[in-house]
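Each chain gets a letter, A, B and so on, in the order its sequence line appears, and its residues count up from 1.
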There are 2 protein chains.
Amino acid sequence: MKISTKGHYGVQAMFDLAQRYGEGPVSLKSVADRQDLSEHYLEQLFAGLRKAGLVKSVRGAQGGYTLARAPAEIKVGDIIRVLEGPIVPVECVSEDPEQCMKAEFCITRSVWEKVRVSIEEVLDSITLADMCKDSEESRQNRNFSMYYI
Amino acid sequence: MKISTKGHYGVQAMFDLAQRYGEGPVSLKSVADRQDLSEHYLEQLFAGLRKAGLVKSVRGAQGGYTLARAPAEIKVGDIIRVLEGPIVPVECVSEDPEQCMKAEFCITRSVWEKVRVSIEEVLDSITLADMCKDSEESRQNRNFSMYYI
DNA sequence: AGATAACCAAGTAAACTAGTAGGGATTAAC
DNA sequence: GTTAATCCCTACTAGTTTACTTGGTTATCT
């Protein structure tokens with residue numbers, strides 16, 4: 001019941017881009033440095049994200065990646081689905097119309113279905129803009145408490 | 001974002017035991033036959049379930065396994081945690097008190113935390129008794145519609 | 001021209017998955 | 001007391017996945 005480093009790092013990196021949205025292309029090297037990740041590994045993740053239309057790339061010196069849409073228009077679920085594949089706790093509970101033979105007779109299946117829906121609800125309710133907002137608030141709270149120490 | 005066959009088969013098998021609760025020990029062979037699973041593989045799963053105190057075993061001929069508690073007292077989450085380990089979408093978001101160094105600075109972490117909580121809420125809200133009840137209702141609905149065809 | 005970057009293909013060590021194989025110990029039924 | 005059923009235990013394994021690394025090529029800015 002885990003997501004892999006692809007999804008984990010991918011969301012971190014996309015969040016990094018979101019925090020710099022509107023400031024021009026951001027190089028993967030800078031993302032890798034800030035987030036302490038392998039640049040070459042990030043390249044692989046961004047190949048997928050680009051093909052899925054979540055980021056745009058600019059090649060050459062001073063190039064890099066930018067979000068293809070505003071942070072408010074990109075859900076964490078979008079990123080996870082690209083990097084981890086569809087959200088499916090067990091095979092017979094896909095997001096697509098059913099293919100499980102015993103679908104209507106299988107009771108355990110309804111458990112996984114509920115799990116799937118609940119994960120999707122969480123991941124699709126959080127946008128990169130939400131994360132930027134949380135980050136800003138968390139930063140201010142830290143300054144605030146430091147002020148009173 | 002998947003659970004393995006351990007958790008999948010484990011819940012199926014425990015549900016099978018729940019449907020026969022009070023009827024004496026149920027052999028893994030019969031479970032394996034009904035659920036179309038490998039008996040030997042189930043043995044491994046039940047070794048863990050027994051050590052965790054979710055089932056009791058009776059050795060020898062006419063032996064088998066029974067639930068250690070009433071179906072209403074066993075949550076799907078109990079089974080999953082035994083067979084899949086703790087519910088932790090990414091390493092730094094364990095159910096135990098925190099160990100992630102950057103816990104308070106890490107925004108993406110709060111996303112995984114929400115995912116973890118939502119999965120736990122689902123899995124801990126469903127007991128084996130609930131599944132038996134759903135199964136009974138589903139069976140009756142099928143009979144009901146057949147009656148009118 | 002040279003540096004900076006995205007892009008691409010392939011390899012790889014380690015871990016994990018989903019079992020299988022082969023026995024031993026215990027007990028009910030005959 | 002023999003047999004068959006059943007749990008119990010250890011080990012092995014083929015295949016897949018994970019989390020990268022290596023080693024380039026191509027495009028663009030200065």
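- Put simply, CZ on B:Arg50 is 13 Å from C1' on C:dT26, counting in whole angstrom units.
- Distance B:Lys6 NZ to C:dT20 C1': 15 Å, rounded to the nearest Å.
- Donor-acceptor pairing under 3.5 Å, judged by distance alone, is present between the side chain of B:His40 and the base of C:dG22.
- Look at CG on A:Leu42: it is 17 Å from P on C:dC8, rounded to the nearest Å.
- Put simply, the side chain of B:Gln35 never gets that close to the backbone of B:Ala13: no donor and acceptor are under 3.5 Å apart.
- Residue A:Ser57 places at least one side-chain N or O under 4.0 Å from the OP1 or OP2 atom of C:dC7.
- Among D:dC20, C:dA6, D:dA5, the nucleotide with an atom closest to any side-chain atom of A:Gln44 is D:dC20.
- Ion pair A:Lys75/A:Asp130 not flagged as a salt bridge, since none of the NZ, NE, NH1 or NH2 atoms sits closer than 4.0 Å to an Asp/Glu carboxylate oxygen.
- For the pair A:Leu45 CG and C:dC8 C1', the computed distance is 15 Å after rounding to whole Å.
- Residue B:Arg59 places a side-chain atom within donor-acceptor reach of the base of C:dA25, judged by atom type and a 3.5 Å distance cut-off alone.
- Between A:His8 and B:Trp112, the two ring planes are perpendicular [angle over 60°; tilted spans 30° to 60°].
- Both A:Ile3 and A:Glu43 sit near DNA chain D, but only A:Ile3 has its closest nucleotide nearer the 5' end.
- If you check every strand for non-hydrogen atoms under 4.0 Å, B:Val26 touches sugar and phosphate atoms only.
- Interface remark: the B:Glu39 side chain does not form any donor-acceptor pair with the D:dT6 base, using a distance-only criterion of under 3.5 Å.
- Distance B:Leu28 CG to D:dC8 C1': 11 Å, rounded to the nearest Å.
- Contact annotation: B:Ser27 side-chain N/O to D:dA5 OP1/OP2 distance is not under 4.0 Å.
- If you check D:dC20, C:dT4, D:dC9 against the side chain of B:Lys51, the one that comes closest is D:dC9.
- Among the protein residues, B:Tyr65 comes within range of the sugar-phosphate backbone only, with heavy atoms under 4.0 Å from sugar or phosphate atoms but none that close to a base.
- Salt-bridge check for A:Glu136 with A:Arg139: passed, with a basic side-chain N closer than 4.0 Å to an acidic carboxylate O.
- Counting only N and O atoms by type, the side chains of B:Ser38 and B:Tyr9 include no donor and acceptor under 3.5 Å apart.
- Between B:Ala61 and A:Gly60, the residue anchored nearer the 5' end of DNA chain D, judged by the nucleotide with its closest heavy atom, is B:Ala61.
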